[in-house]
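Just the heavy atoms: all of them, side chains too, but no hydrogens, waters or symmetry mates, feed the values below. Convention: sequence-line order gives letters A, B, ...; per-chain numbering from 1.
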Number of protein chains: 2
Amino acid sequence: MTETSDRECRIAAMFRALGDPTRLRIFSFLRSCCCPVTVDESGDVRTVQGPTAGEVCCSITGSDKVSSTLSFHLKELRVAGLITMERRGKTRVCGINTEAADELAAFLSGGATPPGCDD
Amino acid sequence: MTETSDRECRIAAMFRALGDPTRLRIFSFLRSCCCPVTVDESGDVRTVQGPTAGEVCCSITGSDKVSSTLSFHLKELRVAGLITMERRGKTRVCGINTEAADELAAFLSGGATPPGCDD
DNA sequence: ACAATAGTTCGACACTTCTCGAACTCTGGA
DNA sequence: TCCAGAGTTCGAGAAGTGTCGAACTATTGT
């Protein structure tokens, strides 16, 4: 078996993360419900004006309590690099990582170099 | 839990199929190594001038024998709708379903309507 | 300091997925 | 008709995944 590159693994991991219906809905919701990044007056790229974990939960499951299950899915998406989460007081604010989404889209469109495949 | 739509499930299934490194490599290989579809004079979408399962196997695993494992992965991709396979004599010729790939890319780029998310 | 809120982590369980080898099917050629 | 070639299907076993409730952590308000 020829080597599977790091990049390939990272991309596969992102696809895997999106391969669960619950997580796909979370991702969809986040993409539609938050402007990805905000830049404050000092020019810093601050994270996401987005929904809290609780609001995501409310939208996805209908419950206002963040279940361990939802927390688990949020973590999967975060570890895969598809979403961001930042503490804001008692809550955690979620945002989507547009770069990652773009990378996947580019991969699918054939824009990215096909890994391990010389032609 | 609000309903998960059919379309969402289909898309999640495609992402899931791409979420395995071996399958991602098969998909990559197919995309780079075959013209996706040919349309004959009657307008029928005929399949793919592409590699055989054995050739895919050779490229991915280095072995010229199609293993049950590779066959399993090809089937997963086929069932998810990402690739096509057509018998040609003793062999099976593989091709990629560009429409499916495009649908996923559109979904990631935010082109598709975010399912179950009213804003 | 205490309680409440918002989420996370942990352990357990059922379920699925990946991999392997063996047996099988389907097709073309001798 | 029998054989070989190209894949597929099946059964089993190991590993991974998703879900749940309970216990835990961090932060804010009193």
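Contact between the side-chain N/O atoms of Arg23(B) and the OP1/OP2 oxygens of dC18(C) is found at a separation under 4.0 Å. For Lys90(A) and dT25(D), the shortest distance from a side-chain N or O to OP1 or OP2 is not below 4.0 Å. A sub-4.0 Å separation between OP1 or OP2 of dG7(D) and a side-chain N or O of Arg87(B) is absent. Distances shorter than 4.0 Å separate none of the side-chain N or O atoms of Ser68(A) from OP1 or OP2 on dG7(C). Taking only side-chain nitrogens and oxygens, Lys65(B) never comes nearer than 4.0 Å to OP1 or OP2 of dG5(D). In terms of phosphate contacts, His73(A) brings no side-chain nitrogen or oxygen within less than 4.0 Å of OP1 or OP2 of dT17(D). Look at Arg92(B) and you won't find any side-chain N or O under 4.0 angstrom from OP1 or OP2 of dA6(D).
Arg16(B) comes within contact range of the sugar-phosphate backbone alone, with a heavy-atom separation under 4.0 Å but no base atom that close.
The pair Arg92(A)-Glu86(A) does not meet the salt-bridge criterion, since no charged nitrogen lies less than 4.0 angstrom from a carboxylate oxygen.
The side chain of Phe72(A) sits closest to dG18(D) out of dG18(D), dT27(C), dT5(C). Comparing dG18(D), dT8(D), dT8(C) by their closest approach to the side chain of Met85(A) singles out dT8(C). Each of dG5(D), dG18(D), dT19(C) was ranked by its minimum atom distance to the side chain of Asp20(A); first place goes to dG18(D). The Thr91(B) side chain lies nearest to dG7(D) when the options are dG7(D), dG18(D), dT28(D). Residue Thr69(B) places its side chain closer to dC20(C) than to any other of dC10(C), dC26(C), dC20(C). Considering only the side chain of Ser71(A), dT9(C) comes nearest among dT9(D), dT27(D), dT9(C). In the set dT27(C), dA22(C), dG18(D), dG18(D) carries the atom at the smallest distance from any side-chain atom of Glu76(A). Listed nucleotides: dT8(D), dT27(D), dT27(C). Nearest to the side chain of Val66(B): dT8(D).
Note: Leu82(B) CG to Leu18(B) CG = 5.0 Å, rounded to the nearest 0.5 Å.
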